[in-house]
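Here is the structure we will look at, set down as structure tokens.
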Amino acid sequence: MITLKTILFLNFLVSFVSTDYKVGHPLVLEVIRNETSLILKYSKNNPYVTSVVMYKDKTNPRTDFPNYFNCSLIGEYRYCEFHSELPFSRFWGSYYSRACVTDVSNTIEDCTSYLFSEIAFINEYNVIFSRLPPTSGGDIIINGTFIRLFSNPNLIDFYTYEEHLKLAVKGNFSDPSFNCNSITVTVPPGCGPLAVFFSDLSGGETMISYAHPIISSIVHDSSKQIITINGDNFFTDNGKIKVFFDNVYQNNINITINHTQIQVKDFNRVDPGPMSIAVVVLDVYIEKNYIHCFRAIITSITSVSNEIGGIVTIKECKLDPSESGGKNLSVDVNFNGCNSMSSGSSVVTFTYNIPTLSSTSYSNGIVTLIGKNLGNYDDSFIQLYSNGIYTKVNKFNSSPDEKSLSFILPHLRCKSFNVSFNIDGITSNALSISESILTNVLNKPSVSNGTLYIELYYTDCPISSTSTPTITFGNSLINQCSIPSLQSSISEYYQTTCSIPYGTGTNRQFTFKYNSNTLNDKFSYSPPKVESRSFSNDKTIITINGNNFGDSKSLIQVYFNGNDISSNILSLNNNQFTFKILKSYESGPINISVDGNNMKSSFYLILPPIINDIINKDNKTLSCGSFITVSGNNLLTNEKEFKVKVLANNQDTTIIRQNENVLIVKSYINESPLNVSVFIGNDLLVSNLKLTYLEPIITVVPNIRNNKDGISIIIGGISLSNIINSSLTLSSNDNDNKNIIPLKCNLECSQSPNDTYYNNNTKLSSNEFDITKYTDRLSCHSNTIANETSGVLNLQFTSTSFHYDVKIDEIESSSSSSSSSSSSSSSSSSSSSSSSSSSSSSSSSSSTTSSSPSLSSSSSLSGGKSCKLSSGTVTDITIGCIAALIAIF
């Protein structure tokens, strides 16, 4: 199989031997490179590279590295990107590697005229050394890209201050698995800076150095005045190394062990403290100076005072000890961070300032200890012990002379206990203290449950099983309490329970007696607490449920929204009370105080809605889209149990508008009357309120549309439900025979009321409905085609009938039917009237295009009211019974 590698190589050989054509020098404007790509940038009209032929040496090209440059024009420049089947880890060659170039004017490749290095100098990229070579020499690994392009691949140049080293690169470059981007070089022993050249071209060196000197330890022999420095990378030549102590150059140095040890002679230092040591090997500095401590040596402590400000004498050096006192204390002398050390194998210690107690006193819960060395330090504390229980006290006040201290006595189980003082692990002698019995009331008993839980402190230990405490209320009521007991084995107090009488209030006095101890104390009953509320079915009475309300109306105060409503309480017992909801009340917090005992937190009371009335004008509603208006308070509540629901003839209605005071709903029932009921949640508040409908009113009668599918008309009006029948009467011009065409009608109700809101319970005035803003529509049609140009439209409702002379449009063709409807949209106003008996009226108007239509009455259908407009030439008819509407409202 012939591979791309073979084809490219044969192509190179042919071009190499078959032509003497020389392409102009391909001037590279920019070399763009990283670990995975190489791009050469040219001017678009200049010659450019097509491939490279990498040479192993001066004369032998590589045959294992097929490649090419993929060039593309971007604006005024040509970008040539290098491609090869092999990775960049195999991109290597000698200085004699050649470039194949071509001209923009022909396709001939010139692979003989230019070295690769002549057309593009590609520096090494991202070079990383595994380590700096130690002064003792050794292998280092060099990683990078393009590090073996323009030189003898097997050699790499290192330069020191004194010599040029050609170092061998380990490995076989001809091995297909060899990675030329990671090479290993053995560096000989040396010191100082190094310059590494990766190509045979001038410039482009990489600067490194031999490894920095390192100090690992210092040995000071003061008797011989010698300091030995142990470490690494010191090299072997005394003339190339410098040693500095605190930035002072040392002249008398000697490398005693090659690379790892130096001795500095004739060095003497008397003062203790830290010393900074630096080593420089032929301009390569230690990275961080080494700090050596010359420590003060403590041989003995000759005297220690037992008083404050005692003096510790250490080899004629007088120091204030850092410790507050104790036994076997260690001593440290620190000079600028250098700690002292003891001579010999034993640590030098001392003992001083042992605390001592001489007496104690107790008053009003405060214990005072008298003695000496009673200082308040971080590690000082007071230890109390009684009946096997230890109690630690860390907070106390000490006098400036440390001869007394005081602390608050904590609650203890037993009346007698021992006290001692501890400082830095040294404990003083112990003294004994006794205290009188103390009680602590644990709970606030409920009004009805008379049990008081009392803690007892400082009692006789252990408790006698035959001794029972008593509790007295007032001057006569005496109750026995339970035998005191421990709540657990580690409990710090005893506890007893006592029965108390039913009551209310706070700070109730009682007298407690146990053995020979008698004391007075106070307790408070539990405060009132509200847990829930409930309402009567008609939502007028509220019941507050909870506890600790007592049973006396004179002792309870109830505040709702900050107002005292105690006088409105209807009934009261310990667990609930009731009061009447007034219309002025609004949702808010309720607070209760019983005999001066206040609730811990208020209870937020949400009131149910209050229904005032159904406020439709004269108990009437529009029959088509019946709107029902409810007035009240709190109508917008989010509580599910308080949702307001309106039923019309036991069917749901749709909410149109709602606020706190008005609810407007819509009913889709076209039957009169409407029986309206209002519920709050599941409770019925208003039952079977009857609303009747307005009489139907016609407001718009357009032309009859006439097309091949039949006739149709859309009639506008108000309260158009309950229509019985409708028809169109046609009269022949030749005789009096009449042709009656039945019409089928569909009712479309308006969707919303006008923008009037009802904010009070008064009857609506006539102008609160602007009826013309939401006209109902009656869409009537028949499949019969009318051949006349006019007729009489007959509309019969439950109790009213209407007759209108109407014009009939000419029969429309299928192509023009869609546009003819627009011609019937204009209307002119006239008045129609209706009455329970026959009546007539007339009106006239003048126009330049039509005769005046006259209005006349016709007989009533089914005894109902009727209106009739006589025939004329009006395009369509708009009937406005405004006067009649005002009269109805």
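Counting begins at 1 with the first residue of the sequence. These figures come from a predicted structure and were not determined experimentally.
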Under 6.0 Å from the [atom1] atom of [X], do we count more than 12 heavy atoms belonging to anything else shown?
X: Asp378; atom1: CG; answer: no
X: Tyr285; atom1: OH; answer: no
X: Gln480; atom1: CD; answer: no
X: Lys553; atom1: NZ; answer: yes
X: Ile291; atom1: CD1; answer: yes
X: Asn247; atom1: CG; answer: no
X: Asn394; atom1: CG; answer: yes

Between [X] and [Y], is there a donor-acceptor pair closer than 3.5 Å when you use the side chain of the first and the backbone of the second?
X: Ser130; Y: Ile141; value: yes
X: Asp237; Y: Gly239; value: yes
X: Asn376; Y: Ser398; value: no
X: Ser399; Y: Ser404; value: yes
X: Asn597; Y: Tyr525; value: yes
X: Asn233; Y: His212; value: yes
X: Asp246; Y: Val248; value: no
X: Asn252; Y: Val264; value: no
X: Asn443; Y: Thr451; value: yes
X: Thr470; Y: Asn479; value: no

Q: Report the C-alpha distance between Thr427 and Gln383 in whole Å, list the side-chain angles of each, state the deciding distance to 0.1 Å, and finish with yes or no for side chain to side chain contact (heavy atoms under 4.5 Å, CB included).
A: CA-CA 9 Å; Thr427 303; Gln383 185 76 67; 6.0 Å; no

Answer with yes or no whether the side chains of [Y] and [X] bring together a donor and an acceptor at under 3.5 Å.
X: Ser532; Y: Asn545; value: yes
X: Asn520; Y: Thr511; value: yes
X: Ser526; Y: Ser446; value: no
X: Asn515; Y: Ser467; value: yes
X: Ser428; Y: Ser420; value: no
X: Glu531; Y: Asn547; value: yes
X: Ser434; Y: Ser416; value: yes
X: Gln261; Y: Thr256; value: yes
X: Asn238; Y: Asn254; value: yes

For the residue pair [X] and [Y], establish whether any side-chain heavy-atom pair is separated by less than 4.5 Å.
X: Pro469; Y: Pro484; value: yes
X: Leu384; Y: Phe407; value: yes
X: Val279; Y: Ile215; value: yes
X: Leu374; Y: Leu357; value: yes

To check you understand the geometry: which heavy-atom pair defines the closest contact between [X] and [Y], and what is its length?
X: Asp551; Y: Leu572; result: C-CD2, 3.9 Å
X: Val447; Y: Gly550; result: CG1-CA, 4.4 Å
X: Ser358; Y: Leu431; result: C-CD1, 4.1 Å
X: Arg508; Y: Thr504; result: NH2-O, 2.7 Å
X: Tyr514; Y: Thr468; result: CD1-C, 4.2 Å
X: Lys444; Y: Pro527; result: CD-CD, 4.3 Å

**Q.** Test side chain to side chain contact (heavy atoms under 4.5 Å, CB included) applied to Phe523 and Thr439, step by step
**A.** CA-CA 11 Å; Phe523 76 95; Thr439 60; over 6 Å; no

Q.
Assess the residue pair Val281 and Cys191 against the criterion (side chain to side chain contact (heavy atoms under 4.5 Å, CB included)); give the C-alpha distance rounded to whole Å, side-chain angles, the decisive distance to 0.1 Å, and a yes or no.
A. CA-CA 7 Å; Val281 181; Cys191 64; 3.6 Å; yes

Q | Option among Phe396, Phe381, Tyr377 that satisfies the ring-ring contact (aromatic ring centres under 6.0 Å, His included) test with Phe421 | A | Phe396

**Q.** Summary of salt bridge (charged side-chain N to carboxylate O under 4.0 Å, His left out) pairs that have at least one residue in residues 449-464, sequence neighbours excluded
**A.** Lys415-Asp460

Q: Would you confirm whether the ring centroid of His411 sits within less than 6.0 angstrom of the ring centroid of Tyr493?
A: no

(Q) Angle between ring planes, Phe294 versus His292, binned at 30° and 60°: parallel, tilted or perpendicular? (A) perpendicular

**Q.** Aromatic plane relationship, Phe473 with Phe510 - under 30° parallel, 30 to 60° tilted, over 60° perpendicular
**A.** tilted

Q.
Pair Ile218, Ile229 - check side chain to side chain contact (heavy atoms under 4.5 Å, CB included), show working.
A. CA-CA 5 Å; Ile218 299 293; Ile229 303 174; 3.7 Å; yes

